[in-house]
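Please read the structure below before turning to the comments.
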Protein chains: 2
Amino acid sequence: MDQELKKPGKADRTRAAILAAAQQLFAGQGYELTTVRDIAAIADIDPAMVIRYFGSKDELFARAAVFNLKLPDLSKAERSEIGETLVRHFLSLWEGENANGAMPILLRSAASNKTAANKLREIFMGQVLPALTHAGGRSGAAERAGLVSSQLLGLALCRYVLKLPPVVGLSQDMIIREVGRTIQRYATGEQ
Amino acid sequence: MDQELKKPGKADRTRAAILAAAQQLFAGQGYELTTVRDIAAIADIDPAMVIRYFGSKDELFARAAVFNLKLPDLSKAERSEIGETLVRHFLSLWEGENANGAMPILLRSAASNKTAANKLREIFMGQVLPALTHAGGRSGAAERAGLVSSQLLGLALCRYVLKLPPVVGLSQDMIIREVGRTIQRYATGEQ
DNA sequence: GTCTATAATTCGATAGAC
DNA sequence: GTCTATCGAATTATAGAC
């Protein structure tokens, strides 16, 4: 009894090692090419333990790809800075100190994995769209959210998944300035 | 003798059926999830024939994903219409009459297939970058090509692969107008 | 040219000893 | 909790009969 309280025992370390290995491989080569055996090899444990701890490869993926955009409250932001604010937020989320790599994981796997694709749809429909609803603009919120998503996801795709050299080489400042202007126009309909 | 001359014999029809089935499946579910058996089933032939005609799954993929952007000569276009011209061109290429689905094939597979990822890099580095070199602008051509690619590939990703409802729902006119303005600014550095 | 049969792997997942 | 051993299914690719 009192088992689930503290004690970072060996079980917890094993579990954490599995999760870390899974995130590394899912992010690097997507869901289909990542095998339970590979994950176990990197975590330096037996393949059977992966299933024992997470039930199945699918459940492990769901745990590894947990992702919350935690979008800032745009209604409080200076209206003219909505674009840069959003881009700054995403860059920090993707490559800041606390980045967990969940976005590359989802993006790389969403191309051929329905679970990942649905999750990405949920995230952008459930978080980006509501955030833009109160940002105003001449046209519908759905259209604006679609345009914003196409630019932000395209940036992530080229920079983290495809690794197009010119996009990888873009400085954060340049991205915030240039892409920020685009997002500003899409989000507010101004300019 | 004289075998490779004309006569759209049964062999040619079989070959075409295999290629069509492969494009359909590669575009719909990516490289990894598409099996030689599935392709053969749709083409209504024996799985062994797929290998016989194309050598391997990899070679078949390379044939199915042949893609040329055939970019218009931007130096001849009205400078203020470069953005809309480019967006129109890509939309026509992706969903016009002669669209062959190669872009969704590459995009969906590039996430986890190195062959596809390299091909996409080649296409955008080898065709988009040179096209923008002569389009001028204040900053480097590589940076501009990177920004352009991020928006165009993001649009294709959201519309054809992820099928985000708000992006799927965008009219061609709206895309040409809104995304066109973005591409115009990225390509020329103006506005 | 076409298909049957199968080789050779590789996968996720399980059973059970320790 | 951990690992050995293995199952059953699915994969690409090949060999050879017709």
Side-chain angles (χ1 to χ4, degrees), chain A residues 1-26 28-65 105 109 112-116, chain B residues 1-23 25-26 28-65 109 112-116:
Chain A
M1 320 79 185
D2 278 27
Q3 42 188 16
E4 290 284 352
L5 278 183
K6 26 190 157 181
K7 215 171 52 166
K10 194 171 185 180
D12 294 323
R13 280 185 290 116
T14 300
R15 193 182 174 82
I18 294 173
L19 199 59
Q23 287 176 330
Q24 173 186 334
L25 287 178
F26 283 141
Q29 52 186 11
Y31 180 86
E32 325 293 340
L33 288 183
T34 298
T35 70
V36 170
R37 284 168 164 78
D38 290 340
I39 295 171
I42 291 189
D44 200 35
I45 48 104
D46 190 272
M49 305 307 298
V50 176
I51 303 297
R52 178 171 179 85
Y53 274 85
F54 290 90
S56 72
K57 183 184 174 183
D58 268 316
E59 294 178 54
L60 173 56
F61 178 82
R63 290 301 193 94
I105 291 178
S109 299
S112 59
N113 184 277
K114 289 192 173 182
T115 304
Chain B
M1 322 75 187
D2 277 26
Q3 41 187 16
E4 290 283 352
L5 278 183
K6 22 190 160 181
K7 214 172 45 166
K10 196 169 186 180
D12 294 325
R13 281 185 288 118
T14 299
R15 193 180 174 86
I18 294 173
L19 198 60
Q23 287 176 329
L25 287 178
F26 283 141
Q29 52 186 9
Y31 180 86
E32 325 293 342
L33 289 183
T34 298
T35 70
V36 171
R37 283 168 165 75
D38 291 340
I39 294 171
I42 290 190
D44 199 36
I45 48 103
D46 190 273
M49 304 308 297
V50 175
I51 303 299
R52 178 172 178 86
Y53 275 83
F54 290 90
S56 72
K57 185 184 173 182
D58 268 318
E59 294 179 56
L60 173 56
F61 179 81
R63 290 303 191 91
S109 298
S112 58
N113 184 278
K114 289 191 173 182
T115 304

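Quick note on labels: first sequence line is chain A, next is B, and so on, each numbered from 1. Just the heavy atoms: all of them, side chains too, but no hydrogens, waters or symmetry mates, feed the values below.
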Separation of A/Met49 CE from A/Ile51 CD1 (nearest 0.5 Å): 11.0 Å
Integer-rounded Å distance: D/dT11 C1' and B/Ile39 CD1: 13 Å
Approximate separation, where rounding is to 0.5 Å, of B/Ile42 CD1 and B/Ile18 CD1: 12.5 Å
Earlier contact from the 5' end, DNA chain D, for B/Thr35 and A/Pro47: A/Pro47
Minimum-distance pair of heavy atoms, taken over all atoms of A/Thr34 and A/Lys57: O-NZ, 2.8 Å
A/Tyr53 six-ring centre to A/Arg63 NZ/CZ under 6.0 Å and within 45° of normal: no
Spacing of B/Met49 atom CE relative to D/dA13 atom P, expressed in whole Å: 15 Å
Sugar-phosphate, base or nothing in reach of B/Tyr53, heavy atoms under 4.0 Å: sugar-phosphate
Start and end of chain B contact along DNA chain C [non-hydrogen atoms, under 4.0 Å]: C/dG1 to C/dT4
Atom-pair distance (CG on B/Asp38; P on D/dA10), nearest Å: 12 Å
Any residue meeting side-chain hydrogen bond (donor to acceptor under 3.5 Å, both in side chains) with B/Gln23, in chain and number order, not counting sequence neighbours: none
With sequence neighbours excluded, residues passing ring pair (Phe, Tyr, Trp, His ring centres under 6.0 Å) with B/Phe61: B/Phe26, B/Tyr31
